[in-house]
Every structure is written in C-alpha cells, then in structure tokens.
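Just so it is clear: chains get the letters A, B, ... in the order the sequence lines come, proteins before strands, and each one is counted from 1.
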2 protein chains.
Amino acid sequence: MSLNHNHQRCIDDAMAMARHRCSERGARLTPIRADILKLIWASHQPVGAYDLLESLSARSERRSTPPTVYRALDFLLEQGLIHRIASLNAFVGCNDPGHGHSGHFLICKDCNNATELLADGIGTAIQSAARQQDFTIDSQSVEIVGRCKHCAGQND
Amino acid sequence: MSLNHNHQRCIDDAMAMARHRCSERGARLTPIRADILKLIWASHQPVGAYDLLESLSARSERRSTPPTVYRALDFLLEQGLIHRIASLNAFVGCNDPGHGHSGHFLICKDCNNATELLADGIGTAIQSAARQQDFTIDSQSVEIVGRCKHCAGQND
DNA sequence: GGTTTAATGTTATAATATTGCATTAACCGA
DNA sequence: TCGGTTAATGCAATATTATAACATTAAACC
C-alpha cells in the first residue's frame, strides 16, 4: 500500500465507522478496544496478537498481557470491525462492516498487504456450491495468497 | 460421514494414490509418512498435529515427538496429499491430488467433517476477481463453516 | 448510593509449531 | 560392495499463539 493512498484517511474512516457502529449496537468501544483497532489499522498488513501486545505496552506505561489483547480482538471480531486471517494468525481491519461481512482476502506474500475483495461473484459461487450439497453456511473465509500488482512489477 | 460409504475404500484409495504419486515424483513415502497419512485418512474430519502425535506414539512403542509429525505433514502437504485447514489448525486428506489442488472445504461444525469442494465455479470466480486486480495467485484456501445436510436434519 | 453487570488486571498454563544439532538410513557412483 | 553424500529421523529445547480462572475496577442503572 502506501502508494497513492492517504492512509490517515483510512484510519480516520475506520475509527469513525467503528464508533458509529458500536453506538448503533449499544456496544462500548472502550479506550483499549479503540487502541487495538487503531493499531490494526496502522497498516493494511495483518498484525499478530503479540505484535499488538508489544505496541499496546509501548504506548501506555503499563505492561499489557495477552488476555487484554485477545479480549479486545474478540470484541472487534464480534462487532465485525476486523477479520482474522487464519492462515497468518493475524488480524486486519474490515473495510465495510455490515456489508455481508464476507472475509475474502488477497494476501500478497511480498508486501503482506491483505486486500479485502468486495466482489460478489465469489460469495455467490460459494453459496451455490454449498446449496448443491444442502450445506448451510455460517461463515466463509477465503484467503488467496500470491503477489499483488505492485510487487509483481518489482524485479525479484 | 460413516453413512452410506465404505470408508476402508477411502483409505485404500488414498494410500494407493499416494504411493503412485510419490513414485511418479521420485518422493519417498516412508513408513512414518505413510502412517501419518493413514491416520489422517482414518476419518474425514481434520486432525490436529498433536492428535496425530498421540496416535503415532500409540501404534509404535517408541514415543514420537512434534518434529516427527510436522515433518511428515510438511512432506504430505508438498506432495499435495493433504490439506491444512488453517481455521482449525488441522489436516485432512486430499481427495484428488493433482486436480488443481484447490483446497476448498465445507466444514460442518456439528460432525466436523470437512468435505472438499471439487466444483470449479469458486476457483473461477476467485481467479477472475484476482485478475481484475492484477493479482497473481499462488494458492487459495476456502473454508466454509456451517452445517452439513445430515446434521441439519438432526434436531438440535 | 447501592446493586448489578461489564470490563480489565493478573497469573498461570494450554495448544500449536519450530530450531538446531546428533544420529541413522537410503542412495549412488566408483 | 565400499565409501561418500544426501535424505530422513531422533531428540531436547524453545518459540509462538491462545485460553482459563479468579481478583479487581469501572460503568450502567434504578
């Protein structure tokens, strides 16, 4: 990422959306939770829980512990504000909480950016395949690993 | 699973396929690797590495250690004989090594069976979405969690 | 204000996975 | 078939990710 996009805008938008969504649902975006969300949105690269733990400990004088982070993560997942990338054991902000909340990602193995796919085609294909087997979907995760446009451009 | 399917046949087929594929590729399906593969094929439910470790230790007198299991798993993954289900930290046999090796699964949260989807629609949709963003795919993982036909029939 | 519930702090530990190095087994050319 | 080379396994330690259990503090609400 970093090219032709103002990332502060991403962060601001995400935080505004999060505040709105939480107030709407009567959920409390406490300081810790907001901190974790901000740290996740610091980039478009999925971040591990223990990295968040380090950053969180760095920004407040008090040393945080794993449960603090995991509880905040659980909350953010419940509210649909972040996604967990299972193949990386890492977390990334959700661009569009609410919108079906699909969780389909392109993950670049070079720059590590995880781009959420908002195209409907994949979800539709999955639903139709599942229906053919009378399978009722709870959640779907699609994690596509490869190389993004930008990194493919680099010589390697 | 277990209903209307002879599972011994699954195991035998899988082992035969594995032997064939390995000899074809000049890879060695050693006793440990074959044992692990057999243990994975003992059911259609993804199995964790430490469960495999237990079973392996049980069947030979000698107590095995994690690297033994993980090395065998790495080998089997490389040969395309098994899949890793990231959302479960578990491993399951591949029905059709060779065939694009997609790794698309329906995972029933009740019976835990993981059924590989061999329909092409999903892969095609993913490829087209990736192409639109000039993303080059290395590997794709699709993990759909929900309830299978059989378990939906049960009252719960 | 006092009660209830939600959130956080704290310690310990579980579950999953890897590193590094020693040893043994298989392969392969002479 | 011997000896050298590579691949596979044994083994001990440790890294990484995640959770359990219980105490304490803060917020919400009447």
Problem set entry | Atom-pair distance (CZ on A:Arg62; P on C:dT10), nearest Å | 5 Å

Exercise. What closest approach, in Å, do A:Phe91 and A:Ile82 show between heavy atoms, and which atom pair accounts for it?
Worked result: CD2-CD1, 4.1 Å

Exercise. Atom CG of A:Leu53 and atom P of D:dT16: how far apart are they, to the nearest Å?
Worked result: 13 Å

For this session: Rounded off to whole Å, could you give me the CG-to-C1' distance for the A:Leu73 and C:dA7 pair?
Result: 15 Å

Exercise. For A:His104 and A:His83, does a side-chain donor sit closer than 3.5 Å to a side-chain acceptor?
Worked result: no

Exercise. Where along nucleotides 11-28 of chain C does protein come under 4.0 Å, by heavy atom, of base (B) or sugar-phosphate alone (S), with - for untouched nucleotides?
Worked result: B----BBBBB-----S--

Exercise. Is A:Asp138 paired with B:Lys109 through a side-chain N to carboxylate O contact shorter than 4.0 Å?
Worked result: yes

Seminar exercise, completed: note: A:Glu54, atom CD; D:dT17, atom C1'; distance rounded to Å ~ 14 Å

Problem set entry | Between D:dA26 (C1') and A:Ile32 (CD1): distance, integer Å | 11 Å

Problem set entry | Under 3.5 Å side-chain donor-acceptor pair for B:Glu143 and B:Ser87 | yes

Problem set entry | Any A:Thr30 side-chain nitrogen or oxygen under 4.0 Å from OP1 or OP2 of C:dT8 | yes

For this session: Using only heavy-atom distances, determine whether the side chains of A:Gln79 and A:Arg25 contain a donor-acceptor pair under 3.5 Å.
Result: yes

For this session: Please report, rounded to the nearest Å, how far the P atom of C:dA6 is from the CG atom of A:Leu29.
Result: 18 Å

Exercise. Do A:Met17 and A:Met15 come within less than 4.5 Å of each other through their side chains, counting heavy atoms only?
Worked result: no

Exercise. At under 4.0 Å, does any side-chain N or O of B:Thr68 touch on OP1 or OP2 of D:dT9?
Worked result: no

